Structure formats: C-alpha cells, structure tokens
Amino acid sequence: MKETVSELLQSALATLQSEGTLPANQTFTPQVGNTKDKSHGDYACNIALVASKAAGCPPRKLAEALVERLPNSSAVDKVEIAGPGFINFFMSTASAFEVVNTILDEAGHYGRNRNGNGEKVQVEFVSANPTGPLHVGHGRGAAIGDCLSRLLEANGYEVTREFYYNDAGAQINNLALSVQSRVKGLTPEDENWPADGYRGDYITDVANAYLAGETVTADDREVTGKADPDDQQAIQEFAVAYLRREQDLDLKAFGVEFDVYFLESSLYENGKVEEAVERLQENGYTYEHDGAMWLKTTEFGDDKDRVMRKKDGGYTYFLPDVAYHLDKWQRGFTTVINEQGADHHSTVTRVRAGLQALNVGIPKGWPDYVLHQMVMVTRSGQEVKISKRAGSYVTVRDLIDEVGRDATRFFLAARRVDSQLTFDIDLARSQTNENPVYYIQYAHARICSVLRKLKEEGVERGLNECVGDLSLLTLDEEKDLANQLAKYPELIESSAKLREPHHLAHYLRDLAGQFHTYYNAHKVLIEDTAVRDARISLYLAIRQVIANGLDLLGVSAPEEM
RNA sequence: GCGCUCGUAGCUCAGCUGGAUAGAGCAUCGGCCUUCUAAGCCGGUGGUCGCAGGUUCGAGUCCUGCCGGGCGCGCCA
C-alpha cells in the first residue's frame, strides 16, 4: 500500500525532473508516512517541503505540480494538498481490505519477510554466571533477547541463540567455598563463613544434593556429588552443574531455549586465549608495565589502556572476552548482537577495541550491543528486594510463580530497553484492562468465542477461510482496523532493524483496543449473513495478527479465558 | 570529576528515519450487562514534552550548556 503511493510519487517526481522543474542531477526519494489524523488521509508525504529549495518555488506550488503528474491508480480515492505543502493520500476502501485476504492466505507467515536472506546472526543473551538463580535483570535480558531473536527470524535471518558463561575464576571459587561451608554445616551467621560468600538458601540445596550424591545433568555433562567435604574441586564442579541446571529450569519455565552454551573455560582449553594474546603482541599493541601486560585500547577510542594479563600471570576477564568474540567472528557471524545489562556498557568500547587490535578484518562497530537498564520490582507500591531463595535479589522464578510466564515476558519486553523498568507485581497479577497482557489475550479469546458461538449456530468457519464480500465492510472502525493490520509487516521490519522489540507490545495493545471498541459498537453475529460473513473474515484476520504478534513475544494466545 | 543513558499528564509509559492542534492505560468524575465473555465499551478532568539557548520552512525528536535520576569509571566478571 505504502509502496504503491511511493511508486506513484516517484513517477511524478521523474516527470518533473524531465520537465526541468526539478534538477535532474539530484535524486528525490519520497518519504511516505502514516498520518496521525484521519482528516489527513491514510498516508502523507512531505517531499514538496523537502524539495522546494531545489525546485526554487514554494512548497505548495511544487505540491500542486506533483499532484497533477501523479499517475491514476484505483487504490487512491483522492489526493489533497494541506498545510504548508503536505500531500495527503486517501486510499480507496476496497484497497484497504485487500489485507484481510493477504493475512488469511499467509496465516502464520503474515508479517514475515525474507530481508535477512538466510544470513547467520547470533544473539548472545542472559549469559549469567552459574553462581545462583537468575534474577529479574536476567529475566529482562531473556525476554528481550528471545523476542529479538524471534523478530530476526521473522525477517529471514538464521538466528543462533547463545549463552556464555564463566565457569572458572574468582566468583566460581567463591561459590565453591560457600557450598563447602554449607557442606560442613556452617551458616552465613557463623564467623568462619567466607567473607563474600553467597548466602541464599539455594546454597544449602546445592550442599545437600552434593552430600546426597545426587547426579545432575547440564550442558552435555553429568556430575555426581562426591559427598567429600574436603574436595573443593569436586564441590565446584558439582555446584556449577547444579546451578546451570537450575538456570535451565528457570529458562524453560520462561519459554527460552538456547542453541549454544559457550563455556569460558573452553577458550583456555583450545588455545583461543593464547591465540588472541599472540596476535595482539604481533600487532604491537601490547606492553609491559608494573609487571602486568597491557593492551593499548586507547588507540581505538578507549579512555585508558587495559590490563590483559595480571601480575600473577592470570588473564583479566577482558582477554577471554576478546578471544570469545574472535571465535564468534570466525564462526561466520557477520552480525552479532550482545544483549546485556547496562552495567556492562564499559565493556563495549573495550571489546571492540580489542577486536580492532587483532587486525583480522572485523568491522569497527562490530558487534552490536543492546543494553537494557535495571529493573526494580514493586509490590503495594514498595520496592521488593529480597527473595528467600536467592537472598539478596528477586528471581525470575519468583516472578513466573507469582504472575505467570505470559505476564512476566510481556512486561519485561514491553518497555524500551534504555529506560529503567518498574515491574509492578500487583499490576502484572491483575486481571482487568489495566493489565495489557490480558487485554490483548482477551481480544484473541473473544474472537475465538464468537467462532464457537457461530459453530453452535451451525456455521463452521476455518480460521483462514475468507468468506463473504469484503466490500460490505463500510464502517470507519473496520477500515481503521484494516489499516492497522496492514501496518504489521512494517512493524516487524522496523522493530528488528532498530532492535526495539517493545514496539510489538504497543502495537498489539493498540490493535486489541481497536478491536474491543469495534466489538462493543457493532455486533457480528447478526441476521444479515452477508455482512456477518464479511465481518467474521475481518475478525479472523485480527485474530491471526494478534496470534502472530504474541508468538513473537513468546506469549500465548488463549482461545478462552 | 569523567563517560554512557534517561527526564513527556498525579502514577506507569508510547511517540516510527524532525512534520501539520502532544497520545494510551491507571487514578479521578460520570455513563453502559434480559443481546456474540463487563478480563469489555463510551464520555469528562488532566501536559509551558526538566530548564535555557541554537540549527530548520517546521523540534518532544537534532546540537550546546545547566539541573535531576540510573549505571559505569579494579591487575572483579
């Protein structure tokens, strides 16, 4: 539809260029926008304002010339020039409802495109260290990362979802010590409890399982508790496996699945870290200072150089990060998106700098980052900080248990990533129109309910059956709905391009709202079966788009509520 | 102090690559269930888009400065 308008305009522009009204050596690309106000038609174009300087005449005059040269099209009812020189297009009613046919034809594929052309894209998200249950922040990452992945898939990309975790180093050591202390019967209140030990109840669970000789399976490995209180290494391996399994259960309950679990330790085992170090040294970007090895990240925009090998000979986290991303690049991902909490933003410049210093042809701004801001959880207007299970933070499991998976996913993905998010438990639990999740799901269920009712009356309609004469749809609400449905594909495209999944949530809220209004204002199961059938076709198209959209959010579309 | 980021109605938030009188929901006030699910609908009240400049035919949107919130500034990850 928009393309049609755009083509008409391009044709008119070309005519003006050949006539000499517009310079032939410039290219003019008309931007066709959606209108906010119906009195401005369905689409508007500002090209006359943009090009008036080049034409050397006032915008309104240029607009008039342009409109005169627009080719005829059955899709356009009328064209108006308004305000300072906007060209407003009023589309024909018949063309507005073509989308209903398209939607019912394409069904679950409606809105999807092949722009990605099968290109391999990796989305790394969550990447929590196995030191405890996933917290709300991880939940936000999981919701955003997964939704983004689904959006990219809908745009024809081949997406790999990856989870990276640190299975060695200081905090894992700390975890092992904490579990060991529990194994030996200590509690966080004891004075011998490790200074930075993990205090949550889950540590006790790990300790008990270890002592009981339980076997846990996670990420292709199987670890059995050795029950030996003094074998710290055995405790560490068991604890890591145990907590990884726990996180997997959280993610599963959340409906998120990963294709690859990447262990930091593997980068040491297969020499990737050494390889990175050697390359950086060869390229002359390293130097020794204070007994440590530094990388000249300042040459690539960092504000200070970074230590890559510590005085004690160990590497900082920064180096395996670089090695990890080199590995991603070598695996052939020309597009990589890292979804992380905003507290990681300092690593962005650093990792990119390290990758440039490798000098292996990685583009400057690679990889992409999507950083989400912090999440605060409230109940009865008060901030909730404590979870019994984790001790010091609210877990993903807490939220799923309390408000359910659909609401949790929706709320965590529905906000712009760069704004801080307040997760209101009362709101997420409420079952009224103040809760957008139920509001959208209810629209879907209502349509399904109407279909059931119709069936009781002896009329069976397939979900993708377009029956009836759509030209009988003459109401404003119906045309508005059709227009809203027609916007869905471009929404899928732009949300993926911008890496902003929240648009989807808002779009669905709007669509559901329009539907509820229409539903209340006009009955569908009426005696005039011709109109009824046409309306049902529109209903089915709405149902399909809501189902498609909710699917991309990872939220269910119930048939009854 | 420096860097990143946000600051839109009482509250929670939209506002697509700058575009035509700033939008929702909640709250508040008032209506609608003998009729397809009231988990719904309709209407009213409510905003100098943090402040001040600048760019532009046009700025909530871009630039600068200031104020305020968040995050980061470890040989922690």
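Chain letters run A, B, ... following the sequence lines, proteins first and then strands; every chain starts at 1. Given the structure is predicted, the values throughout are model-derived calculations rather than measurements.
Between A:Arg446 and B:A38, a side-chain N or O to OP1/OP2 separation shorter than 4.0 Å is present. Distances shorter than 4.0 Å separate some side-chain N or O of A:His502 from OP1 or OP2 on B:G15. The side chain of A:Ser449 contributes an N or O atom lying less than 4.0 Å from OP1 or OP2 of B:U37. The phosphate of B:G72 (OP1 or OP2) has no side-chain N or O of A:Thr347 nearer than 4.0 angstrom. In this model, the phosphate group of B:A14 is not approached by any side-chain N or O of A:Tyr507 to a distance below 4.0 Å at OP1 or OP2. Using a 4.0 Å cut-off, no side-chain N or O of A:Lys304 falls inside it from OP1 or OP2 of B:C2. Here A:Ser346 does not reach the OP1 or OP2 of B:G3: none of its side-chain N or O atoms lies under 4.0 Å away. The shortest distance between the side-chain N/O atoms of A:His503 and the OP1/OP2 oxygens of B:G15 is below 4.0 Å. Contact between the side-chain N/O atoms of A:Arg416 and the OP1/OP2 oxygens of B:A14 is found at a separation under 4.0 Å.
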Summary of protein contacts for nucleotides 43-50 of chain B, nucleotide by nucleotide, where a base hit scores B, a sugar-phosphate-only hit scores S (4.0 Å, heavy atoms):
--------

Reading nucleotides 55-63 of chain B from the 5' end, what letters show protein touch, with B for base, S for backbone sugar-phosphate only, - for no heavy atom under 4.0 Å?
--B------

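Nearest-nucleotide mapping onto RNA chain B: of A:Thr517 and A:Ala44, the residue sitting toward the 5' end is A:Ala44. Mapping A:Arg452 and A:Gly33 onto RNA chain B by nearest heavy atom places A:Gly33 closer to the 5' end of the strand.
In this structure, CD1 on A:Ile492 lies 9.0 Å from CZ on A:Arg112, to the nearest 0.5 angstrom. One distance of note links CZ of A:Arg350 with CG of A:Leu295; it measures 11.5 Å at 0.5 Å rounding.
The distance from atom CG of A:Leu421 to atom P of B:C6 is 16 Å, rounded to the nearest whole Å. Atom CG in A:Asp424 sits roughly 13 Å away from atom C1' in B:A27 (whole-Å rounding). Here the C1' atom of nucleotide B:C13 and the OH atom of A:Tyr439 are 16 Å apart, to the nearest Å. The interatomic distance linking A:Arg306 (CZ) with B:C76 (C1') rounds to 13 Å, in whole Å. Across the protein-nucleic acid pair, A:Leu371 atom CG and B:G70 atom P stand 19 Å apart, rounded to whole Å. Rounded to whole Å, atom P of B:C4 lies 18 Å from atom CE of A:Met374. Atom pair A:Asp426:CG and B:G25:C1' shows a separation of 16 Å (rounding to whole Å applied). The interatomic distance linking A:Arg509 (CZ) with B:U12 (C1') rounds to 12 Å, in whole Å.
Among the protein residues, A:Asp167 comes within range of no part of the nucleic acid, since none of its heavy atoms lies under 4.0 Å from any strand. Counting any heavy atom pair closer than 4.0 Å across all strands shown, A:His522 reaches a base atom.
Using C1' as the reference atom, B:A38 and B:C71 are 44 Å apart when rounded to the nearest Å. The separation of B:U17 from B:A59, taken at their C1' atoms, amounts to 15 Å, rounded to a whole angstrom. Distance noted for atom P between B:G44 and B:G19: 27 Å (whole Å). Between B:C51 and B:A22, the distance separating the two P atoms is 16 Å to the nearest Å. The same atom, C1', is picked in B:U8 and in B:U48; the two are 12 Å apart, to the nearest Å. For the C1' atoms, the distance from B:C42 to B:C33 is 14 Å, rounded to whole Å. Between the C1' atoms of B:C73 and B:U55, the separation comes to 33 Å (whole Å). Using C1' as the reference atom, B:G10 and B:U45 are 12 Å apart when rounded to the nearest Å.
Base-pair partner of B:C51: B:G65 (Watson-Crick or G-U wobble, both distances under 3.5 Å). In this structure, B:C71 and B:G3 make a Watson-Crick or G-U wobble pair, each of the two defining distances being under 3.5 angstrom. If you check B:C26 for Watson-Crick or wobble pairing at under 3.5 angstrom, you find it paired to B:G10. The partner of B:C32 is B:G40, judged by Watson-Crick or G-U wobble contacts that both fall below 3.5 Å.
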In a table with atom names and distances, give each donor-acceptor pair under 3.5 Å that connects a side chain of residues 512-524 of chain A to protein atoms at least two apart or in another chain.
unit_1, atom_1, unit_2, atom_2, d
A:His516, ND1, A:Arg446, NH1, 3.0
A:His516, NE2, A:Tyr439, O, 3.1
A:Thr517, OG1, A:Gly513, O, 3.1
A:Tyr518, OH, A:Glu478, OE2, 2.6
A:Asn520, ND2, A:His516, O, 2.9
A:His522, NE2, A:Glu477, OE2, 3.1

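At distances below 3.5 Å, at least one donor-acceptor pair connects side-chain atoms of A:Ser494 with backbone N or O atoms of A:Glu490. Judged purely by atom type and a 3.5 angstrom limit, A:Gln247 uses its side chain to pair as donor or acceptor with the backbone of A:Gly132. A donor-acceptor pair under 3.5 Å links the side-chain atoms of A:Arg499 to the main chain of A:Ala496, judged by distance alone. Not a single donor-acceptor pair under 3.5 Å links the side chain of A:Asn166 to the backbone N or O of A:Asn129.
Looking at A:Asn88 and A:Glu80, their side chains never bring a donor and an acceptor atom within 3.5 Å of each other. At a cut-off of 3.5 Å, with distance as the only test, a side-chain donor of A:Tyr324 or A:Glu162 sits close to an acceptor on the other residue.
Against the 90° criterion about 0, the sugar-base torsion of B:C13 places it in the anti range.
One donor-acceptor pair, N or O on each side, does fall under 3.5 Å between the base of B:C71 and the side chain of A:His345. Donor-acceptor pairing under 3.5 Å, judged by distance alone, is absent between the side chain of A:Asp343 and the base of B:A77.
Using a 4.0 Å cut-off between charged nitrogen and carboxylate oxygen, A:Lys328 and A:Glu124 count as a salt-bridge pair. Using a cut-off of 4.0 Å between Lys/Arg side-chain N and Asp/Glu carboxylate O, A:Glu288 and A:Arg309 are scored as salt-bridged.
Side-chain rings of A:His503 and A:His506 stay apart, their centers remaining 6.0 Å or farther from each other. Ring centroids of A:Phe423 and A:Phe411 are separated by less than 6.0 Å, placing the two rings close together.
Partners of A:Ala353 according to the side chain to side chain contact (heavy atoms under 4.5 Å, CB included) rule, which considers only residues two or more places apart in sequence or in another chain, are A:Thr297, A:Phe300.
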Go through the steps for A:Tyr164 and A:His325 under the test side chain to side chain contact (heavy atoms under 4.5 Å, CB included), then give the verdict.
CA-CA 11 Å; A:Tyr164 173 78; A:His325 283 87; over 6 Å; no

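The residue from A:Tyr285, A:Tyr287, A:Trp294 that alone fulfils the side-chain hydrogen bond (donor to acceptor under 3.5 Å, both in side chains) condition with A:Asp305 is A:Tyr287.
Contacts between residues 310-323 of chain A and RNA chain B, defined by a heavy-atom separation below 4.0 Å, involve A:Lys310, A:Lys311, A:Thr316, A:Tyr317, listed by number.
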Table of protein N/O atoms under 3.5 Å from nucleotides 29-35 of chain B N/O atoms:
unit_1, atom_1, unit_2, atom_2, d
B:U35, O2', A:Lys523, NZ, 3.1

